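A short write-up of the structure that comes next.
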Amino acid sequence: MNTKVKIINNSGFALPEYATPLSAGLDLRACLQQALVVAPGERVLVPTGIRVALPEGYELQLRPRSGLALRSGITLLNSPGTIDADYRGELGVILINHSNEPFTVNNGDRICQMVLARYCRIEWEPCSTLDNTERGEGGFGHSGKN
């Protein structure tokens, strides 16, 4: 299923695209005037030159690229980052360097992927009790080591 999304592309690069026919995420690129060095432990906001108008009931989720995470320790600090349907500003990506080496982001580098997702809004139904389940109130680690 395809969904039309309005986009303004001021990045100087082609529109974000899927790498393969069955990819869920589109690669998003850095839009920089000059290379950006991210020191170990540092977080930075990387501009993309992209603005979108999502349809009501949709969000964009910004997610790390697995190759960057594995090879370089670069990931998104707020993963997944959510772009709301009413946001009209430039998409920015919060990267963090979890490695022990500086990492350079160059103009046009693929820095994350974005996934379009439908969502439902909550309509609260106040009550005084909840139905019982097998799990009950079992929280973190309740199911054992394996």
Side-chain angles (χ1 to χ4, degrees), residues 1-125 130-131 133-136 138-146:
M1 176 176 82
N2 294 333
T3 302
K4 291 191 182 277
V5 174
K6 293 181 179 180
I7 185 168
I8 297 174
N9 182 4
N10 293 322
S11 71
F13 302 103
L15 292 176
E17 59 187 1
Y18 296 99
T20 68
L22 297 180
S23 293
L26 301 106
D27 287 331
L28 197 53
R29 296 180 182 275
C31 180
L32 300 168
Q33 297 296 321
Q34 61 187 29
L36 177 63
V37 177
V38 187
E42 184 181 17
R43 60 187 180 271
V44 294
L45 180 63
V46 182
T48 64
I50 300 289
R51 297 162 49 126
V52 298
L54 301 173
E56 185 176 338
Y58 286 87
E59 66 164 322
L60 273 179
Q61 295 178 357
L62 302 184
R63 301 176 180 179
R65 294 190 68 236
S66 57
L68 278 180
L70 178 63
R71 289 191 300 275
S72 304
I74 302 298
T75 191
L76 276 65
L77 191 58
N78 62 327
S79 181
T82 296
I83 307 299
D84 294 310
D86 57 354
Y87 178 68
R88 295 296 183 267
E90 180 179 4
L91 303 186
V93 179
I94 304 171
L95 293 182
I96 186 165
N97 182 352
H98 284 299
S99 78
N100 295 320
E101 301 292 327
F103 180 82
T104 302
V105 181
N106 294 296
N107 187 40
D109 283 355
R110 295 178 297 156
I111 54 172
C112 76
Q113 54 184 327
M114 56 183 176
V115 174
L116 182 66
R118 263 186 101 54
Y119 65 87
C120 297
R121 292 183 54 105
I122 293 173
E123 182 178 329
W124 296 113
E125 184 178 339
L130 301 175
D131 57 317
T133 65
E134 184 177 328
R135 178 176 179 175
F140 298 105
H142 80 281
S143 62
K145 291 184 179 181
N146 296 330

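Atom set for the values below is all heavy atoms of this structure, side chains included, hydrogens, waters and symmetry mates excluded. Since this is a predicted model, take the numbers as computed values, not measurements.
- Separation of atoms CZ (Arg65) and CD1 (Ile111) is listed at 10.0 Å; rounding is to 0.5 Å.
- The structure places CZ of Arg110 at 11.5 Å from CG of Leu28, a figure rounded to the nearest 0.5 Å.
- Heavy-atom contacts from other residues, nucleotides or ligands closer than 6.0 Å to CZ of Arg88 number more than 12.
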Check against side chain to side chain contact (heavy atoms under 4.5 Å, CB included), Leu54 and Tyr87: CA-CA 8 Å; Leu54 301 173; Tyr87 178 68; over 6 Å; no
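- Partners of Ala39 according to the side-chain contact (heavy atoms from CB on, under 4.5 Å) rule, which considers only residues two or more places apart in sequence or in another chain, are Glu42.
- For Arg51, the side-chain contact (heavy atoms from CB on, under 4.5 Å) criterion is met by Ile8, Glu90, not counting sequence neighbours.
- Of the possible donor and acceptor atoms, one in the side chain of Thr48 sits under 3.5 Å from a partner among the backbone N and O of Ile50.
- Contact check for Thr75 versus Ile96: side-chain heavy atoms found under the 4.5 Å cut-off.
- Separation of atoms CE (Met1) and CG (Leu116) is listed at 8.0 Å; rounding is to 0.5 Å.
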Please lay out, stage by stage, how Met114 and Leu91 fare under the test side chain to side chain contact (heavy atoms under 4.5 Å, CB included). CA-CA 11 Å; Met114 56 183 176; Leu91 303 186; 4.2 Å; yes
CA sep, side-chain torsions, deciding dist, call: Glu125, Glu123, side chain to side chain contact (heavy atoms under 4.5 Å, CB included): CA-CA 7 Å; Glu125 184 178 339; Glu123 182 178 329; over 6 Å; no
Show your working on side chain to side chain contact (heavy atoms under 4.5 Å, CB included) between Phe103 and Leu95 and close with a plain yes or no. CA-CA 11 Å; Phe103 180 82; Leu95 293 182; 5.6 Å; no
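- The line from CG of Leu68 to OG of Ser99 is 11.0 Å long, rounded to the nearest 0.5 Å.
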